[in-house]
Amino acid sequence: MTEMTLVQAVNRGLFEAMRQDPDVLVLGEDVGVDGGVFRATDGLINAYGAERVIDTPLSETGIVGTAIGMALYGLKPVAEIQFLDFIYPAFDQIVSELAKFRFRSGGQYPCHVVIRAPYGGGIKGGVYHSQSTEAYFCHTAGLKVVIPSTPADAKGLLLTAIHDEDPVMFFEPKRIYRTATGEVPDGDHRVPFGQARTVREGEHVSIFAYGAMVPLASEAAAALARDGISAEIIDLRTLVPLDEAAAIASVEKTGRAVVVHEAARFCGFGAELSAILAEKAFYSLKSPVLRVTGYDTPFPYALENVYLPSAARIEAAARTVVREG
Amino acid sequence: MTEMTLVQAVNRGLFEAMRQDPDVLVLGEDVGVDGGVFRATDGLINAYGAERVIDTPLSETGIVGTAIGMALYGLKPVAEIQFLDFIYPAFDQIVSELAKFRFRSGGQYPCHVVIRAPYGGGIKGGVYHSQSTEAYFCHTAGLKVVIPSTPADAKGLLLTAIHDEDPVMFFEPKRIYRTATGEVPDGDHRVPFGQARTVREGEHVSIFAYGAMVPLASEAAAALARDGISAEIIDLRTLVPLDEAAAIASVEKTGRAVVVHEAARFCGFGAELSAILAEKAFYSLKSPVLRVTGYDTPFPYALENVYLPSAARIEAAARTVVREG
Amino acid sequence: MAKTARPASEAGPRPGHELSNDRLLAMYRVMAFARAIDERCLSLQRQGRIGFYVPASGQEAAQIGCAAALTDDDWLFPAYRELGLALWRGVTFRTLMDQFLGTSADRLKGRQMPNHYGYRERNLVVASSPIGTQITHAVGAAMAMQRRRAPQVSATFFGDGATSSNDFHAGMNFAGVYRTPTIFFCQNNQWAISLPRERQTRSATLAQKAEAYGFPGVVVDGTDIHAVFDAVATARERAVAGEGPTLIEAQVYRFGPHSTSDDPHRYRSDADLAEWKRRDPILRLREELQNSGTLTETGESELQDAIRREISETIAAAEGAPPIDPATLFDDTFAQRTPRLEEERAEFERLVREGVIRP
Amino acid sequence: MAKTARPASEAGPRPGHELSNDRLLAMYRVMAFARAIDERCLSLQRQGRIGFYVPASGQEAAQIGCAAALTDDDWLFPAYRELGLALWRGVTFRTLMDQFLGTSADRLKGRQMPNHYGYRERNLVVASSPIGTQITHAVGAAMAMQRRRAPQVSATFFGDGATSSNDFHAGMNFAGVYRTPTIFFCQNNQWAISLPRERQTRSATLAQKAEAYGFPGVVVDGTDIHAVFDAVATARERAVAGEGPTLIEAQVYRFGPHSTSDDPHRYRSDADLAEWKRRDPILRLREELQNSGTLTETGESELQDAIRREISETIAAAEGAPPIDPATLFDDTFAQRTPRLEEERAEFERLVREGVIRP
Ligand SMILES: Cc1ncc(C[n+]2csc(CCOP(=O)(O)OP(=O)(O)O)c2C)c(N)n1
Ligand SMILES: Cc1ncc(C[n+]2csc(CCOP(=O)(O)OP(=O)(O)O)c2C)c(N)n1
Ligand SMILES: [Mg+2]
Ligand SMILES: [Mg+2]
């Protein structure tokens with residue numbers, strides 16, 4: 001166990017994977033000599049050379065397209081997209097090719113690419129360095145979607161992703177890259193997909209969150225506890241595959257649900273979770289499912305604190321559902 | 001009034017818009033000399049010339065990117081994407097630029113591009129000529145999303161779209177291009193955005209649909225009626241802006257809801273509608289909200305009839321919600 | 001302008017790239033087979049026996065000349081119009097018919113429209129519909145070959161229209177930067193559905209686009225199988241020697257419609273077609289083989305008979321295959337079905353049991 | 001290889017493209033102002049008074065030489081590093097400071113990071129962050145100019161890295177096909193963050209990429225304001241004469257970090273920088289003006305004093321502007337707020353009333 005930040009844990013995960021398997025390689029813009037604009041790939045090129053840590057031209061189309069070709073051939077590429085906001089030039093490759101290779105070939109062509117991208121707001125990044133568009137990828141059959149919120153999960157889920165047989169979108173909450181710290185197991189630490197993490201048990205309301213929203217939910221829970229409201233916090237960790245069983249079990253216990261994410265509300269991930277509960281936990285629900293999310297506007301610069309969910313907004317929503325039913 | 005098919009109504013709408021305003025122009029692959037692979041732009045080039053009906057190179061990036069430039073300058077471009085499945089090379093332009101120009105410029109740069117695309121299954125188009133990915137666009141703040149299900153709406157909504165001040169994604173259910181027929185008003189017919197259409201009033205269950213699912217929902221309603229179950233059918237018509245009031249009012253009346261779409265279920269549009277109902281019609285709901293949708297796999301070729309919602313599946317879901325509560 | 005785009009074989013093939021009469025006859029057989037398959041499948045589609053078809057007629061010399069200059073270990077990244085490649089690589093017509101029909105015998109499990117196939121053991125990667133996307137895959141595979149020090153090349157196949165795609169630009173650029181062992185084989189068949197070549201781009205040739213990426217581009221007469229073979233063999237030699245990629249523009253003409261959904265009379269004249277048909281690659285090669293005495297009149301008619309028979313028998317057999325098991329829909333989205341997919345599969349099975357779905 | 005990429009002004013500017021000393025002095029003033037703004041803003045960012053900054057130092061002659069060769073009616077489609085363009089077009093430093101601070105005085109309503117600005121009445125389109133996307137916009141606007149028979153051109157600005165983008169490929173291709181009146185102005189500052197120019201692409205010059213699209217590309221020394229002006233004026237003449245687009249590669253060097261988030265010491269040597277600093281475009285022009293007697297020592301020090309004063313006063317004034325009204329967040333997603341946005345705005349206002357949000 002070593003204490004480290006979330007971005008260091010990502011870095012350690014990459015080191016470990018490259019050590020384990022010579023077929024693992026990393027590619028992206030500024031990932032080599034520069035060590036990545038967030039330093040997630042720092043030191044890799046010195047350890048593993050420019051053939052396995054590849055600085056690419058400025059083309060996300062090329063990064064993902066060539067990563068797919070490598071994966072088809074049998075390598076295990078880990079592509080970095082510098083900010084999730086810049087993934088769209090690769091969107092065709094991701095939704096039309098990466099997600100569909102195995103299916104369309106009748107299973108002949110697995111395509112195990114991991115795409116890492118820092119995402120989310122809270123760094124004063126404005127319209128184009130702040131977005132959370134995980135819902136696009138969740139809606140795309142064939143992609144797994146993973147979002148850690150702690151250093152240990154960052155390393156453990158990343159190693160699972162790299163050794164998975166399917167394509168994985170691995171989104172890193174850059175806002176807590178350096179503020180989330182914790183003990184991380186050394187060596188080959190893996191966290192399985194499809195298992196939510198109960199951050200805190202509670203009786204009165206279930207708060208579902210992921211990524212940088214998890215610490216905010218915990219803050220809200222602490223405030224609620226002072227008023228005798230016991231909130232259960234579930235960190236979803238993998239959005240696809242989703243641990244629906246955990247979500248439903250929690251609501252069966254608490255009878256109330258608040259779903260939190262930074263992304264815009266309309267057709268966001270929270271809609272899916274809310275719909276699952278409205279269908280499968282219907283008879284347990286005592287009050288409406290509330291969503292605490294970004295608003296249905298592009299992400300702003302000066303007003304990012306207005307846009308982003310806060311612990312206070314989460315707390316207020318939890319109080320509402322508790323009051324209502 | 002003239003009787004015509006849905007694709008003819010699109011064609012009439014384009015003729016009308018080009019007649020009304022010399023700033024309207026049409027661009028896309030095969031839209032000119034060939035008249036469009038579905039003939040939606042048939043005859044336009046003869047009437048309005050190659051300067052206003054522009055056959056483009058094979059680049060959706062270029063089609064949407066240049067359409068944006070034209071719109072910034074003051075024209076009203078209507079871009080055709082040959083199949084919705086091929087829109088992804090333009091995704092960056094759509095989500096990063098088109099949707100955000102007005103917002104990011106503080107209102108200085110409106111960007112009124114209409115993007116038309118045939119979408120959906122039922123034509124044996126397999127993985128890449130069948131998809132319904134409206135949810136991606138609904139989740140993108142700044143885009144309006146419109147899907148007609150009748151010839152009259154196709155023309156009326158298209159004319160509204162072309163004269164709107166905002167970007168509009170206009171998705172045409174190609175499966176019923178030629179099977180949906182009906183009377184269409186001549187001349188400048190407009191159907192406002194944000195108003196759902198009640199296809200059929202009912203008491204026991206609300207069925208929400210759009211595009212090619214509307215006729216299937218009607219078929220299901222007819223079958224249900226034979227057993228004394230009275231289904232209300234709501235054709236949403238514009239997904240953004242959504243007529244939430246109509247949806248909620250309907251469920252307040254019937255107490256039960258079934259949401260239908262062809263797209264994959266997970267994080268599809270149905271999730272949003274279900275979440276809205278779980279939040280805002282919670283106390284009216286007598287039974288869980290069910291979704292009848294495509295499955296969470298890529299779209300198949302041989303098994304498309306298994307994948308696609310059918311009238312029978314809609315009917316079965318309606319019976320379930322009526323039976324349950 | 002088209003500086004880098006020199007004709008590949010002005011003075012005949014380069015040493016070592018000559019084709020023996022036996023080799024030519026083998027190539028001719030596959031070309032004739034491809035042409036016959038095209039004709040039959042167009043009529044199967046008209047009869048409603050297959051759902052869709054993309055003909056390759058006119059492009060046989062380009063495809064088979066190219067495939068023959070590569071080894072079976074080289075990876076091919078095709079588009080949807082590459083019948084010649086599949087046949088040369090030994091994919092049987094039966095395998096293809098199974099795909100066209102989407103039956104339980106289809107190796108792709110009925111997932112794709114006809115012509116969108118691929119077979120792993122043939123190093124023929126499965127095609128998709130979006131134009132150009134295979135190009136970057138080929139470059140990535142070539143980067144992997146470099147990493148593994150494998151004496152292979154990747155070859156990717158695309159049309160004139162695809163040169164406008166994002167992946168053409170990205171793939172060519174990455175290939176140039178990393179000097180990958182990749183052959184970019186552009187079949188310029190003069191049309192992207194209704195858009196003629198000269199309105200696809202203003203460059204005098206497509207081959208000269210390689211200039212933008214710092215490696216050579218060559219134009220070759222795609223109806224001349226010798227010229228194609230020579231150009232590809234040369235490009236392959238460069239690639240395995242570590243000298244990097246080559247763009248080859250094979251100039252051909254699409255004889256048929258873009259696909260069975262297309263009506264070429266809306267946008268092109270029969271005169272052009274007639275002009276190009278005089279250079280039909282199959283007629284050219286047949287004439288050559290007849291002149292050299294390699295193919296006799298009898299030989300030719302026996303060949304055509306054999307082809308006709310094989311096609312008819314194969315179709316009949318393939319049409320007898322049972323339909324695909326609908327529950328397979330839930331496989332291969334992921335390596336293992338997720339809980340969500342298990343649930344959807346169970347829902348589907350319940351609906352079947354209840355008679356709601358009659359697959 | 002770089003056939004089309006001839007130096008723009010080997011033999012001095014073309015007739016009519018000579019710059020008078022007065023004109024040069026005016027250009028010099030703006031260049032000096034730009035440089036001083038850069039330096040001050042880097043330190044404002046270090047002090048935490050603005051959130052972010054992208055310096056343009058080293059690129060002033062390229063930007064201002066280009067802007068000066070265009071008319072105010074020409075539309076500019078910039079990236080985020082185009083301070084010189086804004087100043088030449090008459091955008092005041094106050095306006096820019098308001099944007100950097102994102103206050104209620106910001107014309108963009110605090111929506112974007114510093115340096116991502118644009119002002120409609122200046123025909124300077126609002127920049128975004130994604131690399132290259134403005135390139136196709138410029139081509140579309142030029143198509144609209146053709147349609148309106150307007151005697152304008154569009155000019156788009158981007159870096160060496162952006163030549164790898166999808167929009168570069170699409171924009172260049174459409175411009176070639178429709179012969180649009182567009183100037184593609186590439187400031188090759190040798191770096192795309194940490195990636196050096198020679199690993200961005202294998203082509204010998206960036207200008208030669210125009211070859212792929214059938215129109216001319218020229219290389220110009222971007223530290224020589226005469227050469228830049230001449231190349232752009234020539235391209236503009238071609239464009240308005242209906243002869244189509246031109247790609248101009250202005251070779252410069254990025255003196256500072258990529259942005260205030262970047263540490264260039266991680267990837268480049270000071271030696272290269274020192275080499276290029278000897279060709280600092282501002283020093284070059286100052287020397288010329290001093291040699292021709294246009295600028296005296298006193299004139300220079302008065303100018304620098306005036307600039308310093310203006311900058312200090314403007315910053316002080318701008319920092320006094322009140323913050324932005326948070327309810328404006330809900331405006332401009334659409335022309336009119338949708339019911340959903342009205343509801344979210346009401347939700348926000350309720351949360352403010354309840355003290356949950358303290359904006
Ligand atoms: C990204 C994308 N856009 C549009 C289409 C529709 N489409 C299918 S084939 C085609 C033309 C392709 O032309 P070319 O690349 O020359 O290949 P060819 O069909 O002539 O062999 C078009 C536009 C597509 N498949 N993919
Ligand atoms: C599509 C996209 N990918 C990545 C980035 C991150 N990024 C910002 S600037 C930059 C380098 C740009 O280099 P260049 O085009 O040469 O312009 P310069 O910054 O040198 O002026 C990168 C990679 C981005 N903004 N957009
Ligand atoms: Mg073609
Ligand atoms: Mg640069």
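Chain letters run A, B, ... following the sequence lines, proteins first and then strands; every chain starts at 1.
Considering only heavy-atom pairs separated by less than 4.5 Å from chain C, the leading option among A/Pro77, A/Ser59, A/Ala141 is A/Ser59. Looking only at heavy-atom pairs under 4.5 Å with chain C, the residue among A/Asp166, A/Asp92, A/Thr56, A/Ile68 that has the most is A/Asp166. When each of C/Gly118, C/Pro130, C/Ser128, C/Ala127 is checked for heavy-atom pairs under 4.5 Å with chain A, C/Ser128 comes out on top. Highest contact tally toward chain A, considering only C/Asp167, C/Thr338, C/Val139, is held by C/Asp167 [criterion: heavy-atom pairs under 4.5 Å]. Counting heavy-atom pairs closer than 4.5 Å to chain A, the top residue among C/Val177, C/Leu341, C/Val125, C/Asn123 is C/Val125. Of the listed residues (A/Val240, A/Leu242, A/Asp23), the one with the most heavy-atom contacts under 4.5 Å to chain C is A/Asp23. Counting heavy-atom pairs closer than 4.5 Å to chain C, the top-ranked of the candidates A/Gly107, A/Gly194, A/Pro57 is A/Pro57. The most heavy-atom pairs under 4.5 Å with chain A, out of C/Met143, C/Gln146, C/Arg148, come from C/Arg148. Comparing A/Glu244, A/Met70, A/Gln93 by heavy-atom pairs within less than 4.5 Å of chain C, the highest count is held by A/Gln93.
Between C/Glu343 and A/Lys280 there is a salt bridge, with a side-chain nitrogen of the basic residue lying less than 4.0 Å from a carboxylate oxygen of the acidic one.
Both the backbone and the side chain of C/Asn166 come within less than 4.5 Å of a heavy atom in chain A. For C/Tyr117, no part lies near chain A; criterion is any non-hydrogen pair under 4.5 Å. With a 4.5 Å cut-off on non-hydrogen atoms, C/Ile324 does not touch chain A at all. The contact between C/Ala335 and chain A is made by backbone and side chain atoms together, counting heavy-atom distances below 4.5 Å. Proximity to chain C involves both the backbone and the side chain of A/Pro22, based on heavy atoms less than 4.5 angstrom apart. Heavy atoms closer than 4.5 Å to chain C are found in the side chain of A/Ile276, but not in its backbone. For A/Leu25, the part lying near chain C is the side chain, with the backbone staying farther off; criterion is any non-hydrogen pair under 4.5 Å. Using a 4.5 Å cut-off between heavy atoms, C/Ala142 makes no contact with chain A at all. For A/Asp164, no part lies under 4.5 angstrom from a heavy atom of chain C. When heavy atoms are compared at a cutoff of 4.5 Å, A/Ser96 approaches chain C solely by way of its side chain, counted from C-beta outward.
A side-chain donor-acceptor contact under 3.5 Å links C/Arg81 and C/His258. Under 3.5 Å, the side chains of C/Gln134 and A/Glu97 contain no donor-acceptor pair of N or O atoms. For C/Arg107 and A/Gln108, the side-chain atoms include at least one donor-acceptor pair closer than 3.5 Å.
Ring orientation note: the planes of A/Phe137 and A/Phe171 are nearly perpendicular, at an angle over 60° on the 30°/60° scale. The aromatic rings of A/Phe269 and A/Tyr210 sit perpendicular to each other, their planes meeting at more than 60°, with 30° as the lower class boundary.
A cation-pi arrangement is found for A/Arg52 relative to A/Tyr48, the charged atom lying closer than 6.0 Å to the ring centre and inside a 45° cone about the ring normal. Annotation: cation-pi pair A/Lys144/C/Phe334 present, NZ/CZ under 6.0 Å from the ring centroid and within 45° of its normal.
The residue from C/Phe168, C/Tyr80, C/Phe77 that alone fulfils the ring-ring contact (aromatic ring centres under 6.0 Å, His included) condition with C/Phe158 is C/Phe168. For the side-chain contact (heavy atoms from CB on, under 4.5 Å) with A/Val64, the qualifying choice from A/Leu27, A/Ile87, A/Ile94 is A/Ile94, the only one to do so.
Between the side chain of C/Glu354 and the backbone N or O of C/Leu351 there is no donor-acceptor pair closer than 3.5 Å. Looking at C/Asp98, its side chain never comes within 3.5 Å of a backbone N or O of C/Asp106 through a donor-acceptor pair.
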